[in-house]
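Heads up: the structure comes next, in structure tokens.
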Amino acid sequence: MTPSCSSSSPALVPVLLAMLLGPALASEIVGGRPAQPHAWPFMVSLQRRGGHFCGATLIAPNFVMSAAHCVDGLNFRSVVAVLGAHDLGQREPTRQTFAIQRVFETGFNPQRLLNDIVILQLNGSATINSNVQVARLPAQNQGVGSGVRCLAMGWGQLGTTRPPPRILQELNVTVVTTLCRRANVCTLVPRRQAGICFGDSGGPLVCNGLVQGIDSFIRGGCGSGFYPDAFAPVAQFADWINSIIQRGDHRPSPHPRDPASRTL
């Protein structure tokens, strides 16, 4: 997944430091396969200057959910959310494109990549159809246990030195708890080197039909086969997510110091 590693991106230095010193921001899909067209109609491409840089999930007709580090330090007015995409190299008639109206965070810690979740309010409401649909989310603390098989997805690079694909990729992964901190959901691909990687985050981790995670970071290189990939745990934020969606446009603009609704 691409332009977040371009020379014009403010995320370039943190990404390179993370690669050298510790956790690296997610997430290329390494070792995956092309998804069927519009098999995951809640999948969103976040773009700047016409290029994909992060994934996201449609969680209401006018809200998408992504990783907080995707937009940290960015002017959110430069970001557009592209719904209904599959092949980023084509002008697909299925697409719906929106600007970002407001940004909601909840205690994001960029140094430790804690609370790596952001809700982006769109400047309109999506038309729900077979190609654009709202994802199902877990209830508060309805997490996912070790050994559960899930699906990660995104438009990330197919390898560290390979270009990004045009077609949405998907990858079967398994939830693990070994070498995973409690603040995350973690996954591995058993018996082979595959997984998410640096350069693009925010895409969903789907387990039993529910979006249980948001691509956050990796350790030990892309698809190391040893360190698990880390996701922000959606179930730990379900009540907060629902409170944002239910407010909609009916709540006055937040005070600049409102920690639950900081406009970036």
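Just so you know, these numbers use all the heavy atoms, side chains as well, and skip hydrogens, waters and symmetry mates.
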Pairwise disulfide (SG to SG under 2.5 Å) hits with a residue in residues 81-138, at least two apart:
none
Could you work out, with side-chain hydrogen bond (donor to acceptor under 3.5 Å, both in side chains) as the rule, every residue matching Asn172, not counting sequence neighbours?
Arg33
Would Val148 and Leu205 show up in the same hydrophobic cluster when neighbours are defined by side-chain heavy atoms closer than 4.5 Å?
yes
Just how far is it from atom CZ of Arg102 to atom CZ of Arg247, taken to the nearest 0.5 Å?
7.5 Å
In this structure, CD1 of Ile100 is separated from CD of Gln121 (nearest 0.5 Å) by 9.5 Å
Would you say that Pro34 contacts Leu168 through its side chain, given a criterion of any heavy-atom pair below 4.5 Å between the two side chains?
no
Validation row: Thr106, Phe237 side chains within 4.5 angstrom (heavy atoms)
yes
Do Thr57 and Val44 come within less than 4.5 Å of each other through their side chains, counting heavy atoms only?
no
Verify side chain to side chain contact (heavy atoms under 4.5 Å, CB included) between Val234 and Ile241, making sure each step is shown before the conclusion.
CA-CA 9 Å; Val234 173; Ile241 293 167; 3.9 Å; yes
Assign the ring pair Phe42 / Trp40 to parallel, tilted or perpendicular, where the plane angle (0 to 90°) is split at 30° and 60°.
tilted
Could you tell me which non-hydrogen atom of Val211 sits nearest to which non-hydrogen atom of Pro204, and how far apart they are?
CG1-CB, 3.7 Å
Asn242 side chain to Ala238 main-chain N or O, any donor-acceptor pair under 3.5 Å?
yes
For residues 80-93, run the donor-acceptor check on the side chains, cut-off 3.5 Å, and write out each pair with its distance to 0.1 Å, sequence neighbours left out.
from: Asp87; atom 1: OD1; to: Gly89; atom 2: N; distance (Å): 2.8
from: Asp87; atom 1: OD1; to: Arg166; atom 2: NE; distance (Å): 3.3
from: Asp87; atom 1: OD2; to: Arg166; atom 2: NH2; distance (Å): 3.2
from: Glu92; atom 1: OE1; to: His86; atom 2: N; distance (Å): 3.1
from: Glu92; atom 1: OE1; to: Arg95; atom 2: NE; distance (Å): 2.9
from: Glu92; atom 1: OE1; to: Arg95; atom 2: NH2; distance (Å): 3.2
from: Glu92; atom 1: OE2; to: His86; atom 2: N; distance (Å): 3.1
from: Glu92; atom 1: OE2; to: Asp87; atom 2: N; distance (Å): 2.7

Cut-off 3.5 Å, side chains only: do Ser78 and Arg48 have a donor facing an acceptor?
yes
Do Ile119 and Leu210 share a hydrophobic cluster (ILVMFWY, side-chain heavy atoms under 4.5 Å, transitive)?
no
For residues Val206 and Met65: do they belong to one hydrophobic cluster (side chain heavy atoms under 4.5 Å, members Ile, Leu, Val, Met, Phe, Trp, Tyr)?
yes
Picking from Thr187, Leu171, Asn184, what satisfies side-chain contact (heavy atoms from CB on, under 4.5 Å) with Asp229?
Thr187
Heavy-atom neighbours of Gln36 CD exceed 12 at 6.0 Å:
no
Among all residues two or more places apart in sequence or in another chain, which pass the side-chain hydrogen bond (donor to acceptor under 3.5 Å, both in side chains) test with Thr94?
none
Are any non-hydrogen side-chain atoms of Trp155 and Met43 less than 4.5 angstrom apart?
yes
Check side chain to side chain contact (heavy atoms under 4.5 Å, CB included) between Val134 and all other residues, then give those that pass, not counting sequence neighbours.
Leu58, Pro61, Ile128
Are Phe53 and Ile167 connected in the hydrophobic side-chain network, where two residues link if heavy atoms are under 4.5 Å apart?
no
Who pairs with Arg112 by side chain to side chain contact (heavy atoms under 4.5 Å, CB included), at least two apart in sequence or on another chain?
Asn109, Leu114, Arg181
Tell me every residue that passes side-chain hydrogen bond (donor to acceptor under 3.5 Å, both in side chains) with Ser45, counting only those two or more places apart in sequence or in another chain.
Gln47, His52
State, yes or no, whether a side-chain contact exists between Val144 and Phe231 at a heavy-atom distance under 4.5 Å.
no
Going through the distances and angles, do Ile59 and Leu137 end up as a side chain to side chain contact (heavy atoms under 4.5 Å, CB included)?
CA-CA 8 Å; Ile59 57 172; Leu137 303 183; 3.9 Å; yes
Whichever hydrophobic residues join Val176 through chains of side-chain contacts under 4.5 Å
Leu188
Evaluate side chain to side chain contact (heavy atoms under 4.5 Å, CB included) for Leu113 paired with Phe217, printing each intermediate quantity in order.
CA-CA 8 Å; Leu113 290 174; Phe217 66 88; 3.6 Å; yes
Side chains of Cys186 and Val175 in contact at under 4.5 Å (non-hydrogen atoms)
no
Strictly by disulfide (SG to SG under 2.5 Å), give each pair with a member in residues 104-152 just once, sequence neighbours left out.
Cys150-Cys207
Kindly say whether Gly107 contributes a backbone atom to a donor-acceptor pair with the side chain of Asn115 at under 3.5 angstrom?
yes
Side-chain (Asp116) to main-chain (His69) donor-acceptor, under 3.5 angstrom
yes
Would you say that Phe108 contacts Ile117 through its side chain, given a criterion of any heavy-atom pair below 4.5 Å between the two side chains?
no
With Asn123 via side chain to side chain contact (heavy atoms under 4.5 Å, CB included) - residues at least two apart
Phe98, Ala99, Gln101
For the pair Ile214 and Ser201, evaluate side chain to side chain contact (heavy atoms under 4.5 Å, CB included) and give the outcome as yes or no after the intermediate values.
CA-CA 8 Å; Ile214 302 167; Ser201 304; over 6 Å; no
Is there a side-chain contact between Pro138 and Gln212 in this structure, where contact means two heavy atoms from C-beta onward sitting under 4.5 Å apart?
yes
What residues, two or more places apart in sequence or in another chain, satisfy side chain to side chain contact (heavy atoms under 4.5 Å, CB included) together with Ala60?
Asn62, Phe63, Ile245
